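Here's the structure, in structure tokens; my notes come after.
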2 protein chains.
Amino acid sequence: MTNRVRRTMPILPISIVMQLTDLTARQIRYYEEQKLISPARTNGNKRMFSLNDVDALIEIKDYLEQGLNVAGIRKLHETKETPRNDQAEPKTLSDAELRSLLREEMKHQARPFDKAFQRQGDLSRFFK
Amino acid sequence: MTNRVRRTMPILPISIVMQLTDLTARQIRYYEEQKLISPARTNGNKRMFSLNDVDALIEIKDYLEQGLNVAGIRKLHETKETPRNDQAEPKTLSDAELRSLLREEMKHQARPFDKAFQRQGDLSRFFK
DNA sequence: AAAATCATGTAAGAAAATCTAACATCAGTT
DNA sequence: AACTGATGTTAGATTTTCTTACATGATTTT
């Protein structure tokens, strides 16, 4: 379950998702408009994406490159989607609870200082 | 290496880090000012945090709650820090190369639609 | 006790990131 | 030639984040 929490938690702004997927903001918003993804929103209406969203976008891109169109991808999605008790599911966890849950977990997995503080040499070059 | 990439890649805006750590923006910026963390910056000068940063912040918070002060935590950090060849490391990969690397990896681990659209899996490696 | 220090709060003004809406483009289709 | 689908571009508004400066309460130092 914590795994689901991690992957569904909205933590990424659109700028990062653009980098991760190599899609433009326009494309990402369009796919949302076309109901291929449903990113969360901040109180201020900014989109915030989960890791699942990123996965989905990468697949969408892949399918498009293979020649499928948006309608086809949506159909695929609808069809293959396991009809789970999503909407019926009584939302038992509040956002705050989920966050706290994740925090607790990270805390327990916290590693010794040397590691935690280890230099960010690599991908910090994504920005400069 | 990819693991290090994932944990050091700056992907989180300060608002999300606040939620994940239960710290205020003021606190987070202060700890940076005090050299306890060094989050990356976007071209527009916005802080962007890695998972390692979040780990570090959680530890900092913990130490503070245990009565340590910032100077003590910094000392601890300096002392325990593994003196690696960080700055000496020849930067062989361009930004574009790194992005492409990460994307490729995500792509290859992408799973069939049904899975990708509903459940976690691959990207949860971003955590832990 | 007064002064200094530490960790944090708060406010102001500026800049960056994101939003929606509208119109443009360009390759395929009809 | 007109239409459609996917994406580009631009404009104006709103949100988010930034830095700087000053305020505050709790300790520590003088």
Side-chain angles (χ1 to χ4, degrees), chain A residues 9-50 53-54 56-78 95 99 124 126-128, chain B residues 9-50 53-54 56-78:
Chain A
M9 188 167 177
I11 53 174
L12 307 172
I14 198 169
S15 54
I16 295 297
V17 175
M18 290 169 65
Q19 297 179 13
L20 258 29
T21 61
D22 246 7
L23 293 168
T24 65
R26 181 65 167 97
Q27 291 174 302
I28 296 170
R29 293 188 192 116
Y30 180 66
Y31 303 150
E32 177 188 26
E33 186 184 314
Q34 297 298 313
K35 303 284 207 321
L36 296 184
I37 54 171
S38 301
R41 298 284 183 137
T42 66
N43 290 334
N45 200 38
K46 264 61 183 157
R47 271 168 267 254
M48 211 54 86
F49 299 77
S50 68
D53 289 328
V54 174
L57 285 169
I58 289 173
E59 292 218 6
I60 290 167
K61 190 186 179 185
D62 204 46
Y63 279 120
L64 283 174
E65 282 165 358
Q66 287 179 39
L68 297 222
N69 63 13
V70 165
I73 298 175
R74 185 173 39 231
K75 201 69 181 174
L76 244 186
H77 174 196
E78 283 167 6
D95 290 5
R99 273 182 219 116
S124 51
F126 261 113
F127 303 87
K128 57 180 157 9
Chain B
M9 186 169 177
I11 52 174
L12 308 173
I14 197 170
S15 52
I16 295 296
V17 175
M18 290 170 66
Q19 296 178 8
L20 258 28
T21 61
D22 248 5
L23 293 168
T24 65
R26 181 65 167 97
Q27 289 174 304
I28 295 170
R29 295 190 191 114
Y30 180 66
Y31 303 150
E32 177 188 28
E33 187 185 314
Q34 296 298 313
K35 302 285 206 319
L36 297 184
I37 54 172
S38 301
R41 298 284 183 137
T42 66
N43 291 334
N45 201 37
K46 263 61 182 161
R47 271 167 268 254
M48 212 52 86
F49 300 78
S50 69
D53 288 329
V54 173
L57 285 169
I58 290 173
E59 293 215 7
I60 291 167
K61 189 186 180 186
D62 205 46
Y63 279 121
L64 284 175
E65 281 165 358
Q66 287 178 40
L68 297 222
N69 63 13
V70 165
I73 299 175
R74 184 172 40 232
K75 202 68 181 174
L76 242 186
H77 170 199
E78 283 166 6

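Computed from a predicted model, the values in this text were never measured in an experiment.
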Beyond-backbone contact of [X] with [Y], side-chain heavy atoms, under 4.5 angstrom:
{"X": "A:Leu12", "Y": "A:Leu20", "answer": "yes"}
{"X": "B:Tyr31", "Y": "B:Ile73", "answer": "no"}
{"X": "A:Thr21", "Y": "A:Val54", "answer": "yes"}
{"X": "B:Arg41", "Y": "B:Met48", "answer": "no"}
{"X": "A:Val17", "Y": "A:Asp53", "answer": "no"}
{"X": "A:Lys46", "Y": "A:Pro13", "answer": "no"}
{"X": "A:Leu57", "Y": "A:Lys61", "answer": "no"}

Rounded to whole angstrom units, what separation is found between the [atom1] atom of [X] and the [atom2] atom of [N]?
{"X": "B:Met18", "N": "C:dG9", "atom1": "CE", "atom2": "C1'", "answer": "12 Å"}
{"X": "B:Met48", "N": "D:dT16", "atom1": "CE", "atom2": "P", "answer": "14 Å"}
{"X": "B:Lys61", "N": "C:dA7", "atom1": "NZ", "atom2": "P", "answer": "16 Å"}

Q.
Generate the contact string for nucleotides 12-17 of chain C. Rules: B means base contact, S means sugar-phosphate contact only, - means no protein heavy atom under 4.0 Å.
A. ---BSS
Q) How does each nucleotide of nucleotides 3-9 of chain D score, in 5' to 3' order, for protein heavy atoms under 4.0 Å: base (B), sugar-phosphate only (S), or none (-)? A) --SBBBB
Q: With rounding to the nearest 0.5 Å, note down the distance linking CD in A:Gln27 to CG in A:Leu36.
A: 12.0 Å
Hey, is the side chain of [X] poking within less than 4.0 Å of OP1 or OP2 on [N], counting only N and O atoms?
{"X": "A:Arg29", "N": "C:dC19", "value": "yes"}
{"X": "A:Arg41", "N": "C:dT20", "value": "yes"}
{"X": "A:Arg47", "N": "C:dC19", "value": "yes"}

